[in-house]
Protein chains: 2
Amino acid sequence: MKRILLIEDEPQIARFVQLELNHEGYEVTVANDGRDGLEVFKAHPFDLVLLDIMLPSLNGIEVLRRIRQLSNVPIIMLTARDSVMDKVSGLDNGADDYITKPFAIEELLARLRNLLRKQVSQTSVLSYKSLVLDLNQHECTVNNNQVDLTKKEFDLLHMLLKHKNQVLSRELLIEKIWGYEFDGTTNSIDVYVRYLRAKIEEPFDEKFIHTVRGVGYIIKDE
Amino acid sequence: MKRILLIEDEPQIARFVQLELNHEGYEVTVANDGRDGLEVFKAHPFDLVLLDIMLPSLNGIEVLRRIRQLSNVPIIMLTARDSVMDKVSGLDNGADDYITKPFAIEELLARLRNLLRKQVSQTSVLSYKSLVLDLNQHECTVNNNQVDLTKKEFDLLHMLLKHKNQVLSRELLIEKIWGYEFDGTTNSIDVYVRYLRAKIEEPFDEKFIHTVRGVGYIIKDE
DNA sequence: ATGAGATTTTAATAAACCTTGAATTGGTCT
DNA sequence: AGACCAATTCAAGGTTTATTAAAATCTCAT
């Protein structure tokens with residue numbers, strides 16, 4: 001399922017677009033202002049961004065510029081009718097398309113499909129405190145010290161980091177990393193959490209992975 | 001088993017939907033007009049509400065508004081085809097999704113499943129006065145003080161908060177949280193209510209959980 | 001085919017959690 | 001008020017769960 005980030009401050013429009021896109025089978029996350037949008041973008045991977053130009057706290061053009069420093073994710077700008085300046089400015093700064101408000105939802109859908117067809121993947125680095133995980137290089141560092149992880153260890157840490165601030169059940173982890181149904185008899189997860197702790201926590205006197213008894217494991221901000 | 005409240009005045013449609021949903025394993029209660037629907041909702045806990053917009057005695061939007069004052073139960077609106085106004089109005093007033101009549105039963109089922117499932121990851125925070133329950137992080141705070149809850153305690157509080165303003169019987173709580181039939185001999189619920197009170201009420205001089213003698217427990221707005 | 005490293009299983013231990021039942025308190029009805 | 005029933009409280013003991021170390025198994029490059 002394609003993930004879309006909608007950065008839009010007008011609640012009715014945001015809600016409406018979100019629901020319509022849900023209906024079409026997209027997974028939509030909404031951010032209400034520019035700063036939020038940028039944060040959310042940094043924290044999660046998206047396949048496409050819908051970005052309003054007029055935004056509180058950090059305007060659309062600025063958000064566009066900053067996202068482009070990080071990623072070449074497809075971006076569609078939402079502009080006011082006849083604001084030629086906005087369009088030009090948006091495209092100049094790396095937007096892939098624009099659509100003027102108010103728009104027919106069908107037109108938006110068409111432009112979405114169009115851009116998503118061309119798309120390539122990205123998102124290469126996840127981090128949390130002194131912990132950095134480079135997905136492309138398959139590398140992990142803590143406090144700038146490189147730590148060698150096996151594939152399973154890496155995948156587990158990847159999963160926990162990708163969904164930080166969310167408790168992940170053993171069931172879900174087994175399903176996503178091992179690829180089979182959790183039958184309740186294996187404690188592989190527990191063992192790998194132990195390995196990770198021994199490699200990335202104990203030597204550096206850090207604490208990343210927390211146990212939530214009866215539920216699962218989580219990496220979370222305080 | 002998931003409980004669904006269907007508020008719909010056209011008998012054929014109501015009957016049809018009820019049978020189909022029963023067939024899928026849902027327990028369906030039907031109300032024939034807005035006023036009835038609201039009454040039934042207040043009297044029993046439901047996992048989801050299907051709400052027609054065009055209703056006698058109290059229209060759907062008004063019912064929606066009143067239910068939202070009491071609860072954040074997932075609500076799907078049933079709207080006439082092409083009635084954009086209805087959609088917008090519904091979503092503005094807190095509906096979670098809509099479906100246009102006439103609809104294929106399969107689509108309704110898909111949206112039901114979607115909402116019943118997403119509830120976990122989407123509605124991530126429940127709150128009541130100074131009490132906050134973060135479902136993703138599995139964390140509870142009172143007056144911004146973090147309180148450690150065990151799984152059972154958390155599940156019980158979750159249930160009470162999710163259905164706030166509704167009395168939950170011991171039968172229902174045992175069924176939903178412990179997962180077996182209430183045989184009348186266990187007092188586990190009472191004990192856990194005690195634990196919760198000791199953890200989230202007494203230290204903060206608050207009162208969240210009320211006992212309804214002979215019926216069950218409730219968290220309610222004044 | 002071999003062996004080093006990776007992965008999974010097993011088992012012991014300790015800690016946290018849950019249940020139970022009996023004693024006590026509190027509310028309700030006549 | 002007194003009888004009765006429902007709810008509350010408490011602590012002991014029984015159970016479950018997480019952690020850990022170590023052994024068994026698997027896998028892949030040589």
Side-chain angles (χ1 to χ4, degrees), chain A residues 138-140 146-160 167-203 206-220, chain B residues 138-140 146-160 167-203 206-220:
Chain A
H138 222 263
E139 237 176 44
C140 171
Q146 190 171 337
V147 177
D148 283 341
L149 298 182
T150 70
K151 178 156 163 30
K152 281 271 151 58
E153 290 164 355
F154 190 91
D155 290 347
L156 175 56
L157 185 54
H158 179 188
M159 207 58 199
L160 288 167
V167 181
L168 302 183
S169 66
R170 289 174 175 73
E171 206 176 348
L172 184 130
L173 291 168
I174 283 284
E175 192 188 313
K176 295 285 183 189
I177 301 170
W178 275 258
Y180 53 76
E181 294 289 304
F182 180 62
D183 58 2
T185 66
T186 180
N187 75 335
S188 301
I189 302 265
D190 306 54
V191 172
Y192 274 90
V193 167
R194 160 96 188 108
Y195 290 164
L196 279 177
R197 283 174 173 161
K199 284 187 177 181
I200 67 177
E201 294 185 345
E202 286 166 17
E206 294 269 16
K207 183 74 187 162
F208 300 123
I209 305 171
H210 299 267
T211 305
V212 182
R213 193 164 228 269
V215 186
Y217 295 98
I218 184 175
I219 290 179
K220 70 167 178 224
Chain B
H138 228 261
E139 227 174 56
C140 171
Q146 190 173 333
V147 178
D148 283 340
L149 299 182
T150 71
K151 183 157 153 44
K152 282 268 152 64
E153 289 164 357
F154 190 93
D155 289 348
L156 175 56
L157 184 54
H158 179 185
M159 204 64 196
L160 288 167
V167 183
L168 302 185
S169 66
R170 289 176 175 72
E171 281 89 342
L172 184 111
L173 291 169
I174 283 284
E175 186 192 320
K176 293 282 186 185
I177 301 169
W178 275 258
Y180 54 76
E181 293 291 303
F182 181 62
D183 58 2
T185 66
T186 181
N187 70 338
S188 298
I189 302 245
D190 306 57
V191 172
Y192 273 89
V193 167
R194 157 94 188 112
Y195 291 162
L196 278 177
R197 285 175 171 159
K199 283 187 177 181
I200 67 178
E201 295 184 344
E202 286 166 16
E206 295 269 15
K207 183 73 186 164
F208 300 122
I209 304 172
H210 298 268
T211 305
V212 181
R213 190 159 229 270
V215 187
Y217 296 97
I218 185 174
I219 289 180
K220 65 159 183 259

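Since the model is a prediction, treat every value here as computed from it, not as a measurement. Side chains included, hydrogens not; waters and symmetry mates left out as well; all remaining heavy atoms used. Just so we're on the same page: letters track the sequence lines, and every chain starts at 1.
Counting non-hydrogen atoms under 4.0 angstrom, A/Thr186 reaches the backbone sugars and phosphates but no base.
Here D/dT20 presents its C1' atom at 15 Å from OH of A/Tyr192, a figure rounded to the nearest Å. Rounded to whole Å, the distance from CD on B/Glu153 to P on D/dT16 is 18 Å. The nearest whole Å value for the distance from the CD1 atom in A/Ile209 to the C1' atom in D/dT19 is 14 Å. Counting to the nearest Å, the P atom of D/dT19 and the NE2 atom of A/His210 are 12 Å from each other.
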Side-chain donor/acceptor pairs under 3.5 Å, residues 211-218 of chain B, sequence neighbours excluded:
from     : atom 1 : to       : atom 2 : distance (Å)
B/Thr211 : OG1    : B/Arg197 : NH2    : 2.9
B/Tyr217 : OH     : B/Arg170 : NH2    : 3.2
B/Tyr217 : OH     : B/Asp190 : OD2    : 3.4

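Here the NE2-NZ distance, from B/His210 to B/Lys220, works out to 5.5 Å after rounding to the nearest 0.5 Å. Put simply, CG on A/Leu149 and CG on A/Leu156 are 10.0 Å apart, with the number rounded to the nearest 0.5 Å.
With sequence neighbours excluded, no residue satisfies salt bridge (Lys or Arg N to Asp or Glu O under 4.0 Å) with A/Lys152. Shown here are the ring-ring contact (aromatic ring centres under 6.0 Å, His included) partners of B/His158, two or more places apart in sequence or in another chain: there are none. B/Phe182 is linked by a ring-ring contact (aromatic ring centres under 6.0 Å, His included) to nothing, counting only residues two or more places apart in sequence or in another chain. For the salt bridge (Lys or Arg N to Asp or Glu O under 4.0 Å) test, no residue two or more places apart in sequence or in another chain qualifies with A/Glu171. Checked against salt bridge (Lys or Arg N to Asp or Glu O under 4.0 Å), B/Lys151 has the following partners two or more places apart in sequence or in another chain: B/Asp155. Applying the side chain to side chain donor-acceptor pair (under 3.5 Å) criterion to B/Glu201, with sequence neighbours excluded, gives no partner residue. Applying the side chain to side chain donor-acceptor pair (under 3.5 Å) rule to B/Asp148 yields no partners; only residues at least two apart in sequence or on another chain are considered.
On the nucleic acid side, DNA chain C has its first and last nucleotide under 4.0 Å of a heavy atom of chain B at C/dC17 to C/dT28, going 5' to 3'.
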Close N/O contacts between protein and nucleotides 23-26 of chain D (under 3.5 Å):
none

Every protein N/O within reach of nucleotides 2-8 of chain D N/O, cut-off under 3.5 Å:
from  : atom 1 : to       : atom 2 : distance (Å)
D/dA6 : O4'    : B/Arg213 : NH1    : 3.4
D/dA6 : O4'    : B/Arg213 : NH2    : 3.4
D/dA6 : O3'    : B/Gly214 : N      : 3.4
D/dA6 : N3     : B/Arg213 : NH2    : 3.4
D/dA7 : OP1    : B/Gly214 : N      : 2.6
D/dT8 : OP1    : B/Arg197 : NH1    : 2.9
D/dT8 : OP1    : B/Thr211 : OG1    : 2.5
D/dT8 : OP2    : B/Tyr217 : OH     : 2.4

Going through the checks in order, is the side-chain contact (heavy atoms from CB on, under 4.5 Å) test met by B/Thr150 and B/Tyr192? CA-CA 10 Å; B/Thr150 71; B/Tyr192 273 89; 4.2 Å; yes
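Mapping A/Lys199 and A/Val191 onto DNA chain C by nearest heavy atom places A/Lys199 at the nucleotide closer to the 5' end.
Taking 4.5 Å as the limit, some side-chain heavy atom of B/Met159 sits within range of a side-chain heavy atom of B/Leu172.
Each end of the helix from C/dA1-D/dT30 to C/dT30-D/dA1 gets its own axis from five base pairs, and the two axes differ in direction by 40°, given to 10 degrees.
The number of heavy atoms from other shown groups lying within 6.0 Å of NZ (A/Lys176) does not exceed 12.
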